[in-house]
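What follows is a single structure, written as structure tokens, with notes after it.
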Amino acid sequence: MATVSDVLYLNSTDLDGLGLGVAEIVPVLEAMFRLRAAGGTIMPPKIFFHRHGPPFYSSMVSASPKLGFAGCKWQSGDPGNPARGLPYIQGLFLLSEDDTGQPVAIMDAKWITGNRTAAASALAARHLARKDANSLAILGCGLQGRKNLEALKGVLPSLTHCRAYDIVPEREAAFVQEMQGRWGTQVTGTGSAERAVRGADIIITAGPIEQSRRACLLPEWLAPGSLTITLDYDSYITDAAIAAMDLVLTDDYGQIEDARIHEGKFTGVHRVDAELAELLTSGKGQRMNDAQRILVFNLGIALEDLATGVEILKRARARNIGTRLSP
Ligand SMILES: NC(=O)c1ccc[n+]([C@@H]2O[C@H](COP(=O)([O-])OP(=O)(O)OC[C@H]3O[C@@H](n4cnc5c(N)ncnc54)[C@H](O)[C@@H]3O)[C@@H](O)[C@H]2O)c1
């Protein structure tokens, strides 16, 4: 007879207390992408819709009998939130064990999203950036800007400087002050997206995803050999820059198509060369020389949340962290 489990609730303080660093999530994601390529996962398209203007809701579900769990993330995004002292992205992640279908954990999704997204950038950069990459451009000095600097430095110790731009000068200045030297990288504020991007080896676009696209990143800003990773769909990068890329990859073809059909995004994407799972398992879409300009649309997939959530649960149980809720 199976017994009904308690549900473990883990808030962001509990998650911080696990000591699970973003660098440790990179191999967790790599293993998940390999499992995905081997057919060991299930992931319906994510649901995403704007609320009224830029704010959005989304729900992301996935399962893996091999991992032994299924998960669902419910979240909202609102670019107006930081001005109100609230995070842009907020939500909860629910984990069920696959054998019985029982819910076993509820976790703060903001923590998971913040860390797994940066770990996914690091995974892509480890395989696609030039080995001698030393300069990073961050567009959008929020949570992802911070986490991406940490994660990228972890896989590319050669990164010596970071040029950062935020549309709000005070946020750019705060980023520079907070991150200066923190990861052994010199950080400069640029006051302009173009100045941040020109000459950079790696570019992270982490501005808001908006209903009305205001893309401005032009192809002539992009150095030969650069790697651009967008976290904000095609919000920042122009269609001309997308067309100028030698290689275009994504974490999920299906989600690009779904966003094109349902949200009118990615109308300038006419070719995707490979998914990250294919890159990792067969080398499809790999960098062929140091001059190629490569673009990765990292949309963020439910399986990243699942793999990270499973790792969190393992650690929380081992360390007896979290609050038990009776069923
Ligand atoms: N792909 C994924 O897996 C994934 C996961 C999490 C977040 N995101 C996306 O990443 C982006 C950043 O998320 P976050 O949590 O860091 O948000 P955040 O609110 O913490 O930071 C966003 C920053 O961008 C700045 N900004 C707004 N417009 C800008 C512009 N035109 N140029 C430069 N800066 C601008 C804001 O002032 C803010 O400081 C969002 O679009 C979010 O939806 C993607």
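Both ligands and their constituent atoms are indexed starting at 1 by order of listing.
Note: Y233 OH to R260 CZ = 13.0 Å, rounded to the nearest 0.5 Å. Considering CG of L8 and CZ of R317, their distance stands at 7.5 Å, rounded to 0.5 Å.
Side-chain atoms of R36 never come within 3.5 Å of backbone atoms of A277 as a donor-acceptor pair (strictly under, hydrogens ignored). Although no hydrogens or angles enter the test, the distance criterion places a donor-acceptor pair under 3.5 Å between the side chain of R146 and the main chain of C141. Not a single donor-acceptor pair under 3.5 Å links the side chain of R116 to the backbone N or O of E304. K46 places no side-chain N or O within donor-acceptor distance of the main-chain N or O of I301, the cut-off being under 3.5 Å. At least one donor-acceptor pair under 3.5 Å links the side chain of S158 to the backbone N or O of A133. Judged purely by atom type and a 3.5 angstrom limit, D251 uses its side chain to pair as donor or acceptor with the backbone of G300. For the pair R319 (side chain) and L18 (backbone), a donor-acceptor distance under 3.5 Å is present. A distance-only check finds no donor-acceptor pair linking the side chain of Q144 to the backbone of G140 [under 3.5 Å].
Using modelled atom types, one finds a donor on one side chain and an acceptor on the other under 3.5 Å when comparing T205 with D232.
Counting only heavy atoms of the protein, atom 24 (O) of ligand 1 lies nearest to G140 CA, 3.5 Å. When hydrogens are left out, the protein atom nearest atom 42 (C) of ligand 1 is Y88 CE2, 3.4 Å; that is the closest non-hydrogen contact. With hydrogens left out, the protein atom closest to atom 41 (O) of ligand 1 is G207 O, 2.5 Å, a heavy atom. Among all protein heavy atoms, the one lying closest to atom 26 (N) of ligand 1 is I167 CG2, 3.7 Å. Scanning the protein heavy atoms around atom 21 (O) of ligand 1, the nearest turns out to be G142 CA, 3.2 Å. For atom 20 (O) of ligand 1, the closest non-hydrogen atom on the protein side is L143 N, 3.0 Å. Among protein heavy atoms, the minimum distance from atom 38 (C) of ligand 1 is reached at D166 OD2, 3.4 Å. Protein heavy atom at the shortest distance from atom 9 (C) of ligand 1 is L231 O, 3.3 Å.
The shortest N or O to N or O distance between L139 and ligand 1 is not under 3.5 Å. In terms of polar-atom proximity, defined here as any N/O pair under 3.5 Å, G145 makes no such contact with ligand 1. For ligand 1, the polar-atom distance check against I89 finds no nitrogen or oxygen pair separated by under 3.5 Å.
Annotation for E210 and S235: closest pair N-OG, 3.9 Å, computed over non-hydrogen atoms.
Look at P208 and you'll find a heavy atom under 4.0 Å from some atom of ligand 1. For the pair A206 and ligand 1, a heavy-atom separation below 4.0 Å is found. The closest approach between a heavy atom of R116 and any atom of ligand 1 is below 4.0 Å. Proximity of Y236 to ligand 1 is established by a heavy-atom distance of less than 4.0 Å.
Within ligand 1, the atoms closer than 4.0 Å to a non-hydrogen atom of D232 are 41 (O), numbered from 1 in the order shown. Ligand 1 places these atoms under 4.0 Å from at least one heavy atom of V168: 37 (O). Residue-ligand proximity, T113 to ligand 1, at heavy-atom distances under 4.0 Å covers atoms 5 (C), 6 (C). Within ligand 1, the atoms closer than 4.0 Å to a non-hydrogen atom of P82 are 19 (O), numbered from 1 in the order shown. Atoms of ligand 1 lying under 4.0 Å from any heavy atom of N298, numbered from 1 in the order shown and given with element: 1 (N), 2 (C). Near L299, the atoms of ligand 1 lying under 4.0 angstrom from a non-hydrogen atom of the residue are 1 (N), 2 (C), 3 (O). Within ligand 1, the atoms closer than 4.0 Å to a non-hydrogen atom of I209 are 41 (O), 43 (O), numbered from 1 in the order shown.
Taking E263 as the reference, nothing meets the side chain to side chain donor-acceptor pair (under 3.5 Å) condition, with sequence neighbours excluded. Residues satisfying the side chain to side chain donor-acceptor pair (under 3.5 Å) test with R324, not counting sequence neighbours, are none.
The side chain of R171, and not its backbone, has at least one atom closer than 4.0 Å to an atom of ligand 1 (non-hydrogen atoms only; side chain from C-beta on). Heavy atoms of T117 found under 4.0 angstrom from ligand 1 belong exclusively to the side chain.
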Take F297 and K265 through the test side chain to side chain contact (heavy atoms under 4.5 Å, CB included) and record every step on the way to the result. CA-CA 12 Å; F297 287 116; K265 315 272 189 212; over 6 Å; no

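Considering only non-hydrogen atoms, atom 16 (O) of ligand 1 lies nearest to Q144 out of E172, Q255, Q144, R146.
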